[in-house]
A.B. asks: 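One structure, pasted below without further comment.
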Amino acid sequence: MTNTELDKYKVDHLFLLIGENPLPNYVAAHLLLNKGGTLYLVHTTGTSGQAIRLKNILQSEVSVCKTAEPISLGEYDSDAFHIQDEIRKVAKNLPKSDSLGLHYTGGTKAMSIHAYGAMLSLDRSDVVFSYLDPRRLEVCIDRKDDGRIHHNVAIAVKPSLEKVFQLHGKVCEKTPIQEVKLPDFAKKLAILHSDEQKSKDWFKWFYDEICCENLRKKKGNGDWGDWRGKQILEKLEISISNLPQEAIDGFIEHGFISSEGLLSFAKVHETQKFAKLEHFCEWLGGLWLEYQVLQVIKDISGNRLIHDYGMDFKVPTGSGKNFQFDVAFMRGYQLFAISCTTSAKDDLCKLKLFEARTRALQLGGSEARVALVCCSNNPENLKIELRGTTEDSKIEVFGREDLPNLREKFNTWITEQEKKS
């Protein structure tokens, strides 16, 4: 079915059942409401915030609706009489010449059943009943006397990442990063870390022997603290003689090496490739992997129909902790969230994956997909351990052997998701 064919199911008055995640309702409003039509946001006390945000956002998009009117069910989210009565008393007064629809993706099962009953009681044969299938990314049109009609809408609506955050009442504290720092060097380090011994040599250099001792302050308990200040960092010259050749080549190619063959932070500063030397320290400490993943997403964005992407999403939650994604992108209205770590430790890798999955489901709903990029030697084992808590198709883990070929691996991952939709 083409978008033109879906147009015949658009209505002048669309009732939406509001659940915890307003993203499916946002998509339905764009696809199923005639321009200048009216939305009715059926919500409970618990989802009033979602309804208000959705109302404000959709009304600001003047091409979507004329107005959005909340219908509160209060605490009666499973009361058959109350649900039907509240919906019926609004719907029965609508002009018979105007088309009418009910989209029941959000809300509770009881709300769906009794809202459906309210519409049937109107004795109107033209009501359009619809549902957004999260597994196939389809709008489904239900008909009383015939089979369900399916229409793939995977890329029909394209909210930005910022819009998805707004739907949940969240705002990034800073603009997500889209410019990749030292992409060619990051690629070299990805290749380096695909070799376990070379990876150990890098970690030994950075954490155990030279780098951290020079770059970071020590806390009273012996843990590493903040990066040292600019005046100290600029004076540092660090040996790279025991590093794998890929790392040495990267430092040389970017002009970071002194005449004595040492990594010179003064030279790094002179290149102006980092606004602050602390940022270079963060890049060395593992941020290079996030930049490598970001570069891969940029490279494949056109042919994979990715319309928005970024890195380092930090959103204040009010609890003192940030709501954070390492890298994320949107394909249609489907959120892909990627967590990155240079660690090979299973416990840390699982924690990173769980956190990313939790956040992605909160924002993107059942349609969201999650991946972990790490240095694990057994990425399949990490996925197997999660099969008891989530559908395997919703998560992917890329391990040490995948690092040199992330572009091909990501293309395959996204292609597999396209086949499922």
Side-chain angles (χ1 to χ4, degrees), residues 180-208 242-250 283-301 303-304 306 309 311 325-329 336-357 360 369-387 390-420:
V180 181
K181 294 288 187 183
L182 312 186
D184 51 342
F185 196 176
K187 175 68 173 178
K188 284 182 169 63
L189 290 181
I191 294 170
L192 181 158
H193 281 76
S194 68
D195 182 300
E196 187 171 8
Q197 184 54 55
K198 290 181 179 180
S199 181
K200 288 179 179 178
D201 291 341
W202 172 272
F203 273 81
K204 188 175 182 182
W205 173 78
F206 189 81
Y207 289 102
D208 298 339
N242 292 328
L243 280 176
Q245 193 60 45
E246 293 91 342
I248 294 173
D249 290 344
W283 191 93
L284 291 175
L287 208 56
W288 62 265
L289 181 57
E290 293 179 31
Y291 278 113
Q292 171 61 10
V293 171
L294 180 64
Q295 183 63 54
V296 168
I297 299 304
K298 290 185 72 169
D299 289 344
I300 67 176
S301 59
N303 65 330
R304 291 270 70 98
I306 293 167
Y309 58 84
M311 172 185 136
F325 284 131
D326 291 337
V327 183
F329 65 88
F336 288 73
I338 305 158
S339 187
C340 305
T341 177
T342 55
S343 176
K345 296 178 180 177
D346 282 355
D347 288 347
L348 179 58
C349 289
K350 284 188 284 187
L351 178 62
K352 292 276 288 183
L353 187 54
F354 271 121
E355 288 178 346
R357 172 180 169 265
R369 295 295 180 263
V370 183
L372 173 70
V373 180
C374 62
C375 289
S376 171
N377 294 315
N378 300 294
E380 286 300 317
N381 288 352
L382 292 174
K383 284 199 294 183
I384 290 170
E385 289 190 40
L386 289 172
R387 282 178 182 165
T390 184
E391 292 181 30
D392 190 52
S393 63
K394 291 185 179 182
I395 62 168
E396 188 55 82
V397 181
F398 302 99
R400 188 185 300 283
E401 292 184 354
D402 300 315
L403 293 179
N405 304 301
L406 282 179
R407 179 170 179 168
E408 292 77 9
K409 296 294 181 178
F410 270 65
N411 264 318
T412 300
W413 176 44
I414 298 171
T415 298
E416 288 174 353
Q417 303 313 308
E418 291 170 356
K419 289 178 181 177
K420 292 179 174 69

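Hydrogens, waters and symmetry mates are skipped; everything else that's a heavy atom, side chains included, is used. In this text, all values refer to a predicted model and were calculated from it rather than measured experimentally.
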A.B. asks: State yes or no: are the ring centers of Phe410 and Trp413 separated by less than 6.0 Å?
C.D. replies: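 Centroid separation for Phe410 and Trp413: below 6.0 Å.
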A.B. asks: From Leu382 CG over to Ile395 CD1, what is the distance, rounded to the nearest 0.5 angstrom?
C.D. replies: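 Reported value, rounded in 0.5 Å steps: 8.5 Å.
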A.B. asks: On a heavy-atom basis, which atom in Phe325 and which in Ala337 lie closest, and how many Å separate them?
C.D. replies: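 That would be CE2-CB, 3.6 Å.
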A.B. asks: Compare all side-chain heavy atoms of Tyr309 with those of Val327 and state whether any distance is below 4.5 angstrom.
C.D. replies: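 No, their side chains stay 4.5 Å or more apart.
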A.B. asks: Answer yes or no: is there a side-chain heavy-atom contact under 4.5 Å between Val397 and Leu353?
C.D. replies: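 Yes, close enough: below the 4.5 Å cut-off.
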A.B. asks: Determine, step by step, whether Asn303 and Asn411 satisfy the side-chain contact (heavy atoms from CB on, under 4.5 Å) criterion, reporting the C-alpha distance in whole Å, the side-chain angles of both residues, the deciding distance to 0.1 Å, and the verdict.
C.D. replies: CA-CA 9 Å; Asn303 65 330; Asn411 264 318; 3.9 Å; yes
A.B. asks: Hey, is NZ on Lys187 packed in by over 12 heavy atoms from elsewhere, all under 6.0 Å?
C.D. replies: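 Yes, enclosed.
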A.B. asks: Taking C-beta and beyond as the side chain, do Lys204 and Lys200 meet within less than 4.5 Å on heavy atoms?
C.D. replies: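 When only atoms from C-beta onward are counted, Lys200 and Lys204 do not touch, as no gap falls below 4.5 Å.
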A.B. asks: Counting C-beta onward and ignoring hydrogens, is there a side-chain heavy-atom pair between Asn378 and Asp346 closer than 4.5 Å?
C.D. replies: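 Of all side-chain heavy-atom pairs linking Asp346 with Asn378, none is under 4.5 Å.
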A.B. asks: Please examine the side chains of Thr341 and Cys349, heavy atoms only from C-beta on, and report whether any two atoms are closer than 4.5 Å.
C.D. replies: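 They are in contact (side-chain heavy atoms under 4.5 Å apart), so the answer is yes.
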A.B. asks: Indicate the atoms forming the closest heavy-atom contact of Arg407 with Val296, along with that distance.
C.D. replies: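 Result for this residue pair: CA-CG1, 3.6 Å.
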A.B. asks: Within the side chain of Asp249, is there an N or O that forms a donor-acceptor pair under 3.5 Å with the backbone of Glu246?
C.D. replies: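 Judged by distance alone, no pair lies under 3.5 Å.
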A.B. asks: Taking the side chain as C-beta and beyond, is there a heavy-atom pair between Ile306 and Ile414 under 4.5 Å?
C.D. replies: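 Yes, side chains in contact.
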A.B. asks: In Å and rounded to the nearest 0.5 Å, what is the CD to CG distance from Gln292 to Leu403?
C.D. replies: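 Answer rounded to 0.5 Å: 8.5 Å.
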A.B. asks: So which heavy atom on Cys374 is nearest to which on Ser343, and how close?
C.D. replies: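 Cys374 and Ser343 have their closest heavy atoms at CB-O, 3.9 Å.
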A.B. asks: Under the 3.5 angstrom rule, does the side chain of Trp283 hit a backbone N or O of Lys181 as a donor-acceptor pair?
C.D. replies: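 Such a contact is found between Trp283 side chain and Lys181 backbone.
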A.B. asks: Hey, what do you get for CG (Asp347) to NZ (Lys352), rounding to the nearest 0.5 Å?
C.D. replies: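 With rounding to 0.5 Å, CG (Asp347) is 14.5 Å from NZ (Lys352).
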A.B. asks: Between atom CG of Leu372 and atom CD of Glu355, what is the distance when rounded to the nearest 0.5 Å?
C.D. replies: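 These two atoms lie 11.0 Å from each other.
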A.B. asks: Give me the ring orientation class for Phe329 and Phe336: parallel if the planes are under 30° apart, tilted from 30 to 60°, perpendicular past 60°.
C.D. replies: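 Ring orientation of Phe329 relative to Phe336: parallel.
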A.B. asks: Dump the intermediate steps for side-chain contact (heavy atoms from CB on, under 4.5 Å) on Leu287 and Met311, then the final yes or no.
C.D. replies: CA-CA 10 Å; Leu287 208 56; Met311 172 185 136; 4.0 Å; yes
A.B. asks: Report yes if the side chains of Phe206 and Leu284 come closer than 4.5 Å at any heavy-atom pair, otherwise no.
C.D. replies: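 When only atoms from C-beta onward are counted, Leu284 and Phe206 do touch, with a gap below 4.5 Å.
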A.B. asks: What's the spacing between Leu192 CG and Gln245 CD if we round to 0.5 Å?
C.D. replies: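 Leu192 atom CG to Gln245 atom CD measures 10.5 Å (nearest 0.5 Å).
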A.B. asks: Please check: side-chain N/O of Ser301 versus main-chain N/O of Lys298, any donor-acceptor pairing under 3.5 Å?
C.D. replies: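 It does hold such a pair.
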A.B. asks: May I ask you to decide if the ring planes of Trp205 and Trp202 are parallel, tilted or perpendicular, using 30° and 60° as cut-offs?
C.D. replies: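 Trp205 and Trp202: tilted rings.
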A.B. asks: Is Lys188 reaching over with its side chain to a backbone N or O of Pro183, donor-acceptor style, under 3.5 angstrom?
C.D. replies: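 Checking the backbone N and O of Pro183 against the side chain of Lys188, no donor-acceptor pair under 3.5 Å is found.
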A.B. asks: Report the C-alpha separation of Leu182 and Trp288 in whole Å, then their side-chain angles, then the decisive distance to 0.1 Å, and conclude whether the side-chain contact (heavy atoms from CB on, under 4.5 Å) test is met.
C.D. replies: CA-CA 8 Å; Leu182 312 186; Trp288 62 265; over 6 Å; no
A.B. asks: For Cys375 versus Ala344, what's the shortest heavy-atom pair and its separation?
C.D. replies: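 Distance-wise, the nearest heavy atoms are O-CB, 3.3 Å.
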A.B. asks: Without swapping roles, check the side chain of Asn405 against the backbone of Glu408 for a donor-acceptor pair under 3.5 Å.
C.D. replies: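 Side chain of Asn405 to backbone of Glu408: no pair is present.
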A.B. asks: Using 0.5 Å steps for rounding, measure from the CD1 atom of Ile338 to the CD atom of Glu290.
C.D. replies: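 CD of Glu290 is found 10.5 Å from CD1 of Ile338.
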